[in-house]
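Reading through the C-alpha coordinates given below for one structure.
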Amino acid sequence: MQHRILLVAGFFPPYSPLGAVRAPMLARWWSQQGHDVRVIALENPAVAGQLEHCLAPEAVRYIPFSPPAPVLRQAADSAKVLLAKPDSRFKPHIESCKTLYRQVVHFPDRYRKWIKPAVEHAVAMAGHWQPDLIYSTAPPHSGHVVACQIARRLRCPWVAELRDLWADNPYNDGHPLFEPIARRYAWTTLAKAAGHVALTRGSAKRIGRALGRPVTLSYNGFGADDFASLDNVSAHDPHRLTLVHAGIIYAGQREPTMLLAALAKLDASARARIRVVFFHDEESAVLSGAAHHGVSDCIEMRDPVPRPEILKLEREADALLLCRWNDPAEDAIIPGKLFEYIGARRPILSIGSLTGEAADIVRAGPFGVVMTDPDDIARQLLAWLAQKDAHGGRLPDLPEEPTRAYLRETQFQQVDAAIADILR
(Lines give C-alpha, C1' and ligand atoms only; values in the text may rest on other atoms or scores of the structure.)
Protein backbone atom coordinates (compact mmCIF):
# COMPACT_ATOMS: atom_id res chain seq x y z
CA MET A 1 0.00 0.00 0.00
CA GLN A 2 1.38 3.39 -0.98
CA HIS A 3 1.51 6.26 1.51
CA ARG A 4 2.29 9.97 1.59
CA ILE A 5 5.34 10.38 3.83
CA LEU A 6 6.70 13.71 5.03
CA LEU A 7 10.37 13.33 5.94
CA VAL A 8 11.76 15.97 8.31
CA ALA A 9 15.55 16.01 8.18
CA GLY A 10 17.81 18.79 9.40
CA PHE A 11 20.54 17.49 7.09
CA PHE A 12 19.50 16.62 3.53
CA PRO A 13 21.54 16.88 0.32
CA PRO A 14 23.11 19.04 -0.81
CA TYR A 15 23.10 20.64 2.66
CA SER A 16 24.46 17.72 4.63
CA PRO A 17 27.81 16.37 5.81
CA LEU A 18 29.36 13.57 3.77
CA GLY A 19 28.47 10.99 6.40
CA ALA A 20 24.78 11.93 6.65
CA VAL A 21 23.53 9.44 4.06
CA ARG A 22 20.60 7.84 5.90
CA ALA A 23 17.99 10.53 5.16
CA PRO A 24 18.50 10.62 1.37
CA MET A 25 18.69 6.83 1.27
CA LEU A 26 15.42 6.56 3.19
CA ALA A 27 13.80 8.96 0.73
CA ARG A 28 15.10 6.91 -2.19
CA TRP A 29 13.98 3.62 -0.63
CA TRP A 30 10.44 4.87 -0.01
CA SER A 31 10.21 6.33 -3.52
CA GLN A 32 11.27 3.00 -4.96
CA GLN A 33 8.50 1.32 -2.95
CA GLY A 34 5.99 3.64 -4.63
CA HIS A 35 5.38 6.02 -1.73
CA ASP A 36 4.87 9.75 -2.30
CA VAL A 37 7.73 11.34 -0.37
CA ARG A 38 8.16 15.01 0.48
CA VAL A 39 11.02 16.48 2.51
CA ILE A 40 11.43 19.51 4.74
CA ALA A 41 15.09 20.22 5.49
CA LEU A 42 17.54 22.94 6.46
CA GLU A 43 19.19 25.12 3.85
CA ASN A 44 22.60 25.58 5.38
CA PRO A 45 25.53 26.04 2.96
CA ALA A 46 27.94 25.74 5.89
CA VAL A 47 27.42 21.97 5.92
CA ALA A 48 27.05 21.45 2.18
CA GLY A 49 28.70 18.14 1.29
CA GLN A 50 29.10 16.06 -1.83
CA LEU A 51 25.84 14.11 -1.57
CA GLU A 52 22.84 14.03 -3.88
CA HIS A 53 19.23 12.87 -3.59
CA CYS A 54 16.85 11.28 -6.08
CA LEU A 55 13.67 13.28 -5.47
CA ALA A 56 12.21 15.87 -7.82
CA PRO A 57 13.24 19.44 -6.88
CA GLU A 58 9.66 20.37 -6.00
CA ALA A 59 9.48 17.49 -3.49
CA VAL A 60 12.08 19.06 -1.21
CA ARG A 61 11.60 22.33 0.66
CA TYR A 62 14.72 23.84 2.20
CA ILE A 63 14.19 26.20 5.12
CA PRO A 64 16.93 28.89 5.26
CA PHE A 65 19.08 28.72 8.37
CA SER A 66 19.44 32.04 10.18
CA PRO A 67 22.65 32.42 12.22
CA PRO A 68 22.54 34.13 15.63
CA ALA A 69 21.23 37.70 15.59
CA PRO A 70 23.88 40.44 15.07
CA VAL A 71 23.56 41.60 18.67
CA LEU A 72 24.35 38.11 19.92
CA ARG A 73 27.33 37.79 17.59
CA GLN A 74 28.63 41.17 18.70
CA ALA A 75 28.22 40.19 22.34
CA ALA A 76 30.06 36.96 21.70
CA ASP A 77 32.89 38.78 19.89
CA SER A 78 33.17 41.27 22.75
CA ALA A 79 33.29 38.45 25.26
CA LYS A 80 36.11 36.81 23.31
CA VAL A 81 38.17 39.99 23.53
CA LEU A 82 37.49 40.47 27.23
CA LEU A 83 38.19 36.83 28.03
CA ALA A 84 41.14 36.33 25.72
CA LYS A 85 43.54 36.08 28.67
CA PRO A 86 41.42 35.43 31.74
CA ASP A 87 42.89 34.82 35.16
CA SER A 88 43.52 31.08 35.38
CA ARG A 89 41.55 30.94 38.64
CA PHE A 90 38.39 32.08 36.88
CA LYS A 91 38.85 30.29 33.55
CA PRO A 92 36.84 27.14 34.48
CA HIS A 93 33.97 29.32 35.72
CA ILE A 94 34.09 31.45 32.58
CA GLU A 95 34.00 28.35 30.35
CA SER A 96 31.07 27.00 32.37
CA CYS A 97 29.14 30.25 31.93
CA LYS A 98 29.86 30.24 28.20
CA THR A 99 28.52 26.69 27.90
CA LEU A 100 25.39 27.56 29.86
CA TYR A 101 24.81 30.71 27.80
CA ARG A 102 25.27 28.84 24.52
CA GLN A 103 22.85 26.07 25.47
CA VAL A 104 20.15 28.43 26.70
CA VAL A 105 20.35 30.73 23.65
CA HIS A 106 20.49 27.83 21.18
CA PHE A 107 17.91 25.61 22.88
CA PRO A 108 17.00 22.95 21.75
CA ASP A 109 19.99 23.25 19.38
CA ARG A 110 21.77 25.84 17.25
CA TYR A 111 19.25 25.36 14.39
CA ARG A 112 16.25 26.37 16.50
CA LYS A 113 15.21 29.19 14.16
CA TRP A 114 14.05 26.81 11.46
CA ILE A 115 11.34 25.29 13.65
CA LYS A 116 8.60 27.88 13.14
CA PRO A 117 8.96 28.39 9.35
CA ALA A 118 9.28 24.63 8.79
CA VAL A 119 6.02 23.99 10.66
CA GLU A 120 4.26 26.82 8.84
CA HIS A 121 5.37 25.42 5.48
CA ALA A 122 4.06 21.95 6.33
CA VAL A 123 0.71 23.32 7.46
CA ALA A 124 0.38 25.40 4.28
CA MET A 125 1.38 22.42 2.14
CA ALA A 126 -1.37 20.34 3.75
CA GLY A 127 -3.87 22.43 1.81
CA HIS A 128 -2.99 20.40 -1.29
CA TRP A 129 -0.86 17.53 0.08
CA GLN A 130 -1.74 15.90 3.39
CA PRO A 131 0.80 13.37 4.73
CA ASP A 132 -0.29 9.99 6.04
CA LEU A 133 2.80 9.91 8.25
CA ILE A 134 5.55 12.24 9.45
CA TYR A 135 9.03 10.77 9.91
CA SER A 136 11.83 12.77 11.55
CA THR A 137 15.44 11.69 11.53
CA ALA A 138 17.92 13.51 13.73
CA PRO A 139 20.31 15.05 14.78
CA PRO A 140 19.90 17.95 14.62
CA HIS A 141 17.17 17.23 17.16
CA SER A 142 15.28 20.43 16.44
CA GLY A 143 13.91 18.31 13.58
CA HIS A 144 12.00 16.26 16.15
CA VAL A 145 10.46 19.47 17.49
CA VAL A 146 9.44 20.41 13.94
CA ALA A 147 7.85 16.99 13.38
CA CYS A 148 6.11 17.02 16.76
CA GLN A 149 4.49 20.38 16.07
CA ILE A 150 3.47 19.40 12.53
CA ALA A 151 1.93 16.17 13.84
CA ARG A 152 -0.09 18.10 16.38
CA ARG A 153 -1.27 20.70 13.85
CA LEU A 154 -2.20 18.14 11.18
CA ARG A 155 -3.38 15.39 13.58
CA CYS A 156 -1.06 12.97 11.85
CA PRO A 157 1.06 10.09 13.29
CA TRP A 158 4.74 10.81 13.75
CA VAL A 159 7.74 8.46 13.95
CA ALA A 160 10.97 9.75 15.52
CA GLU A 161 14.25 8.22 14.38
CA LEU A 162 17.21 8.89 16.67
CA ARG A 163 20.44 8.37 14.77
CA ASP A 164 22.06 9.55 18.02
CA LEU A 165 20.46 9.87 21.42
CA TRP A 166 18.95 13.29 22.08
CA ALA A 167 19.05 13.06 25.86
CA ASP A 168 21.75 11.20 27.82
CA ASN A 169 24.16 11.27 24.87
CA PRO A 170 27.77 10.85 26.10
CA TYR A 171 29.02 13.17 23.35
CA ASN A 172 26.81 16.03 24.53
CA ASP A 173 28.58 18.70 26.55
CA GLY A 174 25.62 19.53 28.79
CA HIS A 175 25.82 22.14 31.54
CA PRO A 176 24.82 20.60 34.91
CA LEU A 177 22.39 23.43 35.63
CA PHE A 178 20.62 23.22 32.28
CA GLU A 179 20.98 19.53 31.42
CA PRO A 180 17.99 18.37 33.55
CA ILE A 181 15.74 20.85 31.76
CA ALA A 182 17.01 19.82 28.33
CA ARG A 183 16.66 16.12 29.21
CA ARG A 184 13.08 16.54 30.42
CA TYR A 185 12.17 18.51 27.30
CA ALA A 186 13.69 15.85 25.02
CA TRP A 187 11.89 12.90 26.59
CA THR A 188 8.59 14.81 26.87
CA THR A 189 8.75 15.70 23.17
CA LEU A 190 9.67 12.19 22.06
CA ALA A 191 6.89 10.68 24.16
CA LYS A 192 4.38 12.30 21.77
CA ALA A 193 5.61 10.24 18.80
CA ALA A 194 3.61 7.20 17.70
CA GLY A 195 6.79 5.21 17.13
CA HIS A 196 10.54 5.35 17.60
CA VAL A 197 13.49 4.01 15.63
CA ALA A 198 17.01 3.57 17.04
CA LEU A 199 20.20 2.64 15.22
CA THR A 200 21.87 0.63 17.99
CA ARG A 201 20.66 -1.94 20.52
CA GLY A 202 21.90 0.17 23.41
CA SER A 203 20.02 3.24 22.19
CA ALA A 204 16.87 1.20 21.61
CA LYS A 205 17.01 -0.09 25.18
CA ARG A 206 17.63 3.39 26.58
CA ILE A 207 14.72 4.92 24.66
CA GLY A 208 12.45 2.01 25.51
CA ARG A 209 13.19 2.33 29.25
CA ALA A 210 12.66 6.09 29.22
CA LEU A 211 9.37 5.97 27.33
CA GLY A 212 8.05 2.59 28.40
CA ARG A 213 7.35 1.32 24.91
CA PRO A 214 8.92 -0.87 22.19
CA VAL A 215 11.52 0.69 19.91
CA THR A 216 12.37 -0.48 16.38
CA LEU A 217 16.03 -1.33 15.77
CA SER A 218 17.31 -0.47 12.29
CA TYR A 219 21.07 -0.33 11.77
CA ASN A 220 22.53 2.21 9.36
CA GLY A 221 23.63 -0.47 6.92
CA PHE A 222 25.19 -0.07 3.48
CA GLY A 223 23.56 -0.02 0.07
CA ALA A 224 23.60 -3.00 -2.27
CA ASP A 225 24.63 -0.65 -5.09
CA ASP A 226 27.22 1.36 -3.14
CA PHE A 227 30.10 -0.75 -4.47
CA ALA A 228 28.36 -2.23 -7.53
CA SER A 229 30.95 -1.02 -10.05
CA LEU A 230 33.96 -1.48 -7.79
CA ASP A 231 34.33 -5.26 -7.68
CA ASN A 232 37.62 -5.46 -9.54
CA VAL A 233 39.52 -2.38 -8.40
CA SER A 234 43.28 -2.53 -7.99
CA ALA A 235 45.16 -1.84 -4.80
CA HIS A 236 45.64 1.86 -4.10
CA ASP A 237 49.37 1.19 -3.80
CA PRO A 238 50.68 -2.33 -4.54
CA HIS A 239 53.93 -1.62 -2.69
CA ARG A 240 52.68 0.06 0.49
CA LEU A 241 50.06 -1.07 3.00
CA THR A 242 47.36 1.62 2.79
CA LEU A 243 44.87 2.16 5.60
CA VAL A 244 41.97 4.59 5.07
CA HIS A 245 40.06 6.41 7.79
CA ALA A 246 36.93 7.80 6.14
CA GLY A 247 35.09 8.94 9.28
CA ILE A 248 35.33 11.89 11.65
CA ILE A 249 38.07 12.35 14.22
CA TYR A 250 36.93 13.54 17.67
CA ALA A 251 39.93 14.91 19.55
CA GLY A 252 40.38 13.20 22.89
CA GLN A 253 37.77 10.58 22.05
CA ARG A 254 37.78 8.94 18.63
CA GLU A 255 41.37 9.44 17.54
CA PRO A 256 44.16 7.16 16.25
CA THR A 257 46.62 7.43 19.16
CA MET A 258 47.04 3.65 19.52
CA LEU A 259 47.80 3.20 15.82
CA LEU A 260 50.35 6.01 15.90
CA ALA A 261 52.04 4.38 18.89
CA ALA A 262 52.07 1.06 17.00
CA LEU A 263 53.71 2.64 13.95
CA ALA A 264 56.41 4.06 16.21
CA LYS A 265 57.30 0.52 17.28
CA LEU A 266 58.12 -0.57 13.73
CA ASP A 267 61.55 -0.17 12.22
CA ALA A 268 62.13 2.44 9.54
CA SER A 269 61.91 -0.02 6.63
CA ALA A 270 58.49 -1.30 7.75
CA ARG A 271 57.15 2.21 8.39
CA ALA A 272 58.23 3.27 4.93
CA ARG A 273 55.82 0.70 3.53
CA ILE A 274 52.76 1.88 5.48
CA ARG A 275 50.52 4.87 4.81
CA VAL A 276 47.38 5.95 6.67
CA VAL A 277 45.00 8.34 4.87
CA PHE A 278 42.68 10.66 6.83
CA PHE A 279 40.00 13.11 5.66
CA HIS A 280 39.39 14.87 8.98
CA ASP A 281 41.63 16.10 11.79
CA GLU A 282 39.80 17.85 14.64
CA GLU A 283 42.11 20.14 16.60
CA SER A 284 45.05 18.64 14.64
CA ALA A 285 44.80 15.51 16.78
CA VAL A 286 46.18 13.33 13.98
CA LEU A 287 49.06 15.50 12.78
CA SER A 288 50.19 16.53 16.27
CA GLY A 289 49.94 12.93 17.46
CA ALA A 290 51.93 11.69 14.48
CA ALA A 291 54.63 14.29 15.13
CA HIS A 292 54.75 13.30 18.81
CA HIS A 293 55.34 9.65 17.91
CA GLY A 294 57.73 10.47 15.06
CA VAL A 295 55.57 8.85 12.36
CA SER A 296 54.46 11.87 10.34
CA ASP A 297 55.90 10.27 7.21
CA CYS A 298 53.22 7.56 7.46
CA ILE A 299 50.30 9.99 7.55
CA GLU A 300 48.49 11.63 4.65
CA MET A 301 45.77 14.25 5.17
CA ARG A 302 43.29 14.87 2.36
CA ASP A 303 40.44 17.28 1.80
CA PRO A 304 36.89 15.85 1.75
CA VAL A 305 35.89 14.32 -1.59
CA PRO A 306 32.53 13.30 -3.09
CA ARG A 307 31.08 10.10 -1.67
CA PRO A 308 31.68 8.00 -4.84
CA GLU A 309 35.39 8.76 -4.52
CA ILE A 310 35.37 7.76 -0.84
CA LEU A 311 33.72 4.44 -1.72
CA LYS A 312 36.33 3.79 -4.40
CA LEU A 313 39.15 4.62 -1.98
CA GLU A 314 37.69 2.25 0.59
CA ARG A 315 37.67 -0.56 -1.97
CA GLU A 316 41.23 0.24 -3.07
CA ALA A 317 42.54 0.35 0.51
CA ASP A 318 44.26 -2.61 2.08
CA ALA A 319 42.47 -2.03 5.39
CA LEU A 320 39.99 0.41 6.90
CA LEU A 321 40.57 2.18 10.20
CA LEU A 322 37.78 2.55 12.76
CA CYS A 323 38.61 4.82 15.72
CA ARG A 324 36.52 4.41 18.87
CA TRP A 325 36.46 6.05 22.30
CA ASN A 326 37.80 4.08 25.26
CA ASP A 327 34.79 4.80 27.48
CA PRO A 328 31.83 2.59 28.51
CA ALA A 329 29.51 5.24 27.08
CA GLU A 330 30.85 4.32 23.63
CA ASP A 331 29.58 0.74 23.90
CA ALA A 332 26.08 1.59 22.65
CA ILE A 333 27.37 3.77 19.79
CA ILE A 334 28.08 2.40 16.32
CA PRO A 335 29.84 4.79 13.92
CA GLY A 336 27.87 4.86 10.69
CA LYS A 337 31.06 4.29 8.72
CA LEU A 338 31.35 0.77 10.15
CA PHE A 339 28.60 -0.50 7.86
CA GLU A 340 30.09 1.22 4.84
CA TYR A 341 33.38 -0.46 5.73
CA ILE A 342 31.59 -3.81 5.89
CA GLY A 343 30.14 -3.20 2.43
CA ALA A 344 33.63 -2.42 1.11
CA ARG A 345 34.73 -5.93 2.17
CA ARG A 346 38.19 -4.80 3.22
CA PRO A 347 39.68 -5.84 6.60
CA ILE A 348 38.77 -3.46 9.43
CA LEU A 349 41.22 -2.36 12.12
CA SER A 350 39.09 -1.22 15.07
CA ILE A 351 41.06 0.58 17.79
CA GLY A 352 40.27 2.55 20.93
CA SER A 353 38.03 0.07 22.76
CA LEU A 354 37.67 -3.70 23.03
CA THR A 355 34.02 -3.61 24.07
CA GLY A 356 30.69 -2.46 22.66
CA GLU A 357 28.34 -3.19 19.78
CA ALA A 358 30.75 -2.02 17.08
CA ALA A 359 33.51 -4.29 18.38
CA ASP A 360 31.10 -7.22 18.57
CA ILE A 361 30.01 -6.71 14.95
CA VAL A 362 33.62 -6.56 13.69
CA ARG A 363 34.52 -9.76 15.53
CA ALA A 364 31.35 -11.66 14.64
CA GLY A 365 31.61 -10.99 10.90
CA PRO A 366 34.47 -11.65 11.01
CA PHE A 367 35.17 -8.31 9.37
CA GLY A 368 38.57 -7.56 10.87
CA VAL A 369 40.33 -7.19 14.21
CA VAL A 370 39.66 -5.26 17.41
CA MET A 371 42.81 -4.11 19.22
CA THR A 372 43.98 -1.55 21.73
CA ASP A 373 47.55 -2.67 22.51
CA PRO A 374 50.13 -0.93 20.26
CA ASP A 375 52.26 -4.09 20.21
CA ASP A 376 49.32 -6.15 18.92
CA ILE A 377 48.53 -3.51 16.32
CA ALA A 378 52.15 -3.40 15.17
CA ARG A 379 52.18 -7.20 14.73
CA GLN A 380 48.93 -7.01 12.76
CA LEU A 381 50.37 -4.40 10.42
CA LEU A 382 53.40 -6.62 9.75
CA ALA A 383 51.13 -9.61 9.16
CA TRP A 384 49.10 -7.62 6.63
CA LEU A 385 52.30 -6.51 4.91
CA ALA A 386 53.37 -10.14 4.54
CA GLN A 387 49.91 -11.15 3.34
CA LYS A 388 49.88 -8.29 0.84
CA ASP A 389 53.22 -9.43 -0.60
CA ALA A 390 52.01 -13.03 -0.78
CA HIS A 391 48.91 -12.03 -2.77
CA GLY A 392 50.55 -9.89 -5.42
CA GLY A 393 50.20 -6.50 -3.72
CA ARG A 394 46.56 -6.61 -2.55
CA LEU A 395 44.94 -8.19 0.49
CA PRO A 396 42.08 -10.54 -0.47
CA ASP A 397 38.50 -9.31 -0.16
CA LEU A 398 36.41 -10.50 2.77
CA PRO A 399 33.58 -12.97 1.97
CA GLU A 400 30.37 -11.36 0.75
CA GLU A 401 27.81 -13.60 2.48
CA PRO A 402 28.30 -12.29 6.09
CA THR A 403 27.87 -8.68 4.90
CA ARG A 404 24.29 -9.19 3.67
CA ALA A 405 22.77 -8.95 7.14
CA TYR A 406 23.83 -5.30 7.15
CA LEU A 407 22.39 -4.27 3.80
CA ARG A 408 20.59 -0.94 4.09
CA GLU A 409 17.59 -2.40 2.31
CA THR A 410 17.31 -5.14 4.94
CA GLN A 411 17.47 -2.56 7.73
CA PHE A 412 14.90 -0.25 6.10
CA GLN A 413 12.43 -3.14 6.03
CA GLN A 414 12.39 -2.96 9.83
CA VAL A 415 11.33 0.69 9.56
CA ASP A 416 8.64 -0.16 7.01
CA ALA A 417 7.19 -2.84 9.28
CA ALA A 418 6.95 -0.36 12.15
CA ILE A 419 5.27 2.24 9.91
CA ALA A 420 2.78 -0.34 8.64
CA ASP A 421 1.81 -1.23 12.20
CA ILE A 422 1.26 2.43 13.08
CA LEU A 423 -0.81 3.20 9.98
CA ARG A 424 -2.95 0.12 10.54
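Values in this document were obtained by computation on a predicted structure and should not be read as measured data.
One N or O on the side chain of D318 and one on the backbone of T242 form a donor-acceptor pair closer than 3.5 Å. Side-chain N or O atoms of R324 include none that pairs as donor or acceptor with a backbone N or O of P335 at under 3.5 Å. Side chain of N44 to main chain of F65: no donor-acceptor pair is present (N/O by atom type, distance under 3.5 Å, no hydrogens or angles). In terms of modelled atom types and a separation under 3.5 Å, the side chain of D237 and the main chain of R240 share a donor-acceptor contact. A donor-acceptor pair is defined here as one N or O able to donate and one able to accept, closer than 3.5 Å; no such pair exists between the side chain of Y15 and the backbone of Y62. The main-chain N or O of S203 is found under 3.5 Å from a side-chain atom of T200 such that the two form a donor-acceptor pair. Judged by distance alone, the side chain of Y341 and the main-chain N or O of L321 form a donor-acceptor pair under 3.5 Å. Of the possible donor and acceptor atoms, none in the side chain of Q414 sits under 3.5 Å from a partner among the backbone N and O of Q411. Panel note: side chain D281, backbone L287; a donor-acceptor pair is recorded below 3.5 Å.
A perpendicular orientation is assigned to the rings of Y185 and W166, their planes being inclined by more than 60° (bins at 30° and 60°). Between W30 and Y135, the ring-plane angle classifies as perpendicular under the 30° and 60° cut-offs.
We find the CG-CD1 distance between L398 and I348 to be 7.5 Å, quoted to the nearest 0.5 Å. Taking CZ of R183 as the reference point, atom OG1 of T188 lies at 11.5 Å (rounded to 0.5 Å). Atoms CG and NE2, from L26 and H35 in turn, are 11.0 Å apart once rounded to the nearest 0.5 Å. Taking CG from D360 and OG from S350, the interatomic distance works out to 10.0 Å, rounded to the nearest 0.5 Å. Put simply, CD1 on I342 and CG on L338 are 4.0 Å apart, with the number rounded to the nearest 0.5 Å. Atom-to-atom distance recorded for R275:CZ and C298:SG is 11.0 Å, nearest 0.5 angstrom.
Sorted by first and then second residue, the side-chain hydrogen bond (donor to acceptor under 3.5 Å, both in side chains) pairs involving residues 390-407 (not counting sequence neighbours) are R315-D397, R346-D397, R394-D397, E401-R404. The salt bridge (charged side-chain N to carboxylate O under 4.0 Å, His left out) pairs that include a residue from residues 349-359 number zero, where partners must be two or more places apart or lie in different chains. Contacts classified as ring pair (Phe, Tyr, Trp, His ring centres under 6.0 Å) and involving residues 303-337 (residues at least two apart or in different chains) are given here: Y171-W325. Applying the ring pair (Phe, Tyr, Trp, His ring centres under 6.0 Å) test to residues at least two apart or on different chains, the pairs with a partner in residues 269-289 are H245-F278.
A salt bridge is absent between E43 and R61: the closest approach of a Lys/Arg side-chain nitrogen to an acidic carboxylate oxygen does not fall below 4.0 angstrom. Electrostatic pairing of K337 and E340 counts as a salt bridge here, judged by a charged N lying under 4.0 Å from a carboxylate O.
Between I150 and W158, every side-chain heavy-atom pair lies at or beyond the 4.5 Å cut-off. V286 is listed as a side-chain neighbour of M301, based on a closest heavy-atom distance under 4.5 Å. With a 4.5 Å cut-off on side-chain heavy atoms, W29 and Q413 count as touching. Using a 4.5 Å heavy-atom threshold, the side chains of H196 and R213 count as touching. Contact of the P140 side chain with the L42 side chain is registered, since non-hydrogen atoms from C-beta on lie closer than 4.5 Å. Two residues are said to be in side-chain contact when any heavy atoms from C-beta on lie closer than 4.5 Å; P308 and K312 fail this criterion. Side chains of I334 and N220 form no contact here, defined as non-hydrogen atoms less than 4.5 Å apart.
In terms of the salt bridge (charged side-chain N to carboxylate O under 4.0 Å, His left out) criterion, R209 has no residue partners (sequence neighbours excluded). Checked against salt bridge (charged side-chain N to carboxylate O under 4.0 Å, His left out), R271 has no partners two or more places apart in sequence or in another chain. Here H236 pairs with nothing under the ring-ring contact (aromatic ring centres under 6.0 Å, His included) rule; sequence neighbours left out. Scanning for side-chain contact (heavy atoms from CB on, under 4.5 Å) contacts around A27 gives L7, F12, V37, L55, with sequence neighbours left out. For the salt bridge (charged side-chain N to carboxylate O under 4.0 Å, His left out) test, residues two or more places apart in sequence or in another chain that qualify with D226 are R307, R408. D303 meets the side chain to side chain donor-acceptor pair (under 3.5 Å) test with no other residue; sequence neighbours excluded. Remark: R206 pairs with D168 by the salt bridge (charged side-chain N to carboxylate O under 4.0 Å, His left out) rule, at least two apart or across chains.
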Test side chain to side chain donor-acceptor pair (under 3.5 Å) applied to N326 and S353, step by step: CA-CA 5 Å; N326 186 24; S353 173; 4.5 Å; no

Stepwise salt bridge (Lys or Arg N to Asp or Glu O under 4.0 Å) check, D389 with R273: CA-CA 11 Å; D389 291 340; R273 297 194 57 204; 2.8 Å; yes

Candidate pair T372 and I351, rule side chain to side chain contact (heavy atoms under 4.5 Å, CB included), full reasoning: CA-CA 5 Å; T372 57; I351 63 173; 5.9 Å; no

Contacts under 3.5 angstrom, residues 17-25 side chains, donor-acceptor by atom type, not counting sequence neighbours:
{"residue": "R22", "atom": "NE", "partner": "E161", "partner atom": "OE1", "Å": "2.9"}
{"residue": "R22", "atom": "NE", "partner": "E161", "partner atom": "OE2", "Å": "2.9"}
{"residue": "R22", "atom": "NH1", "partner": "Y219", "partner atom": "O", "Å": "3.0"}
{"residue": "R22", "atom": "NH2", "partner": "E161", "partner atom": "OE1", "Å": "3.0"}
{"residue": "R22", "atom": "NH2", "partner": "S218", "partner atom": "OG", "Å": "2.9"}

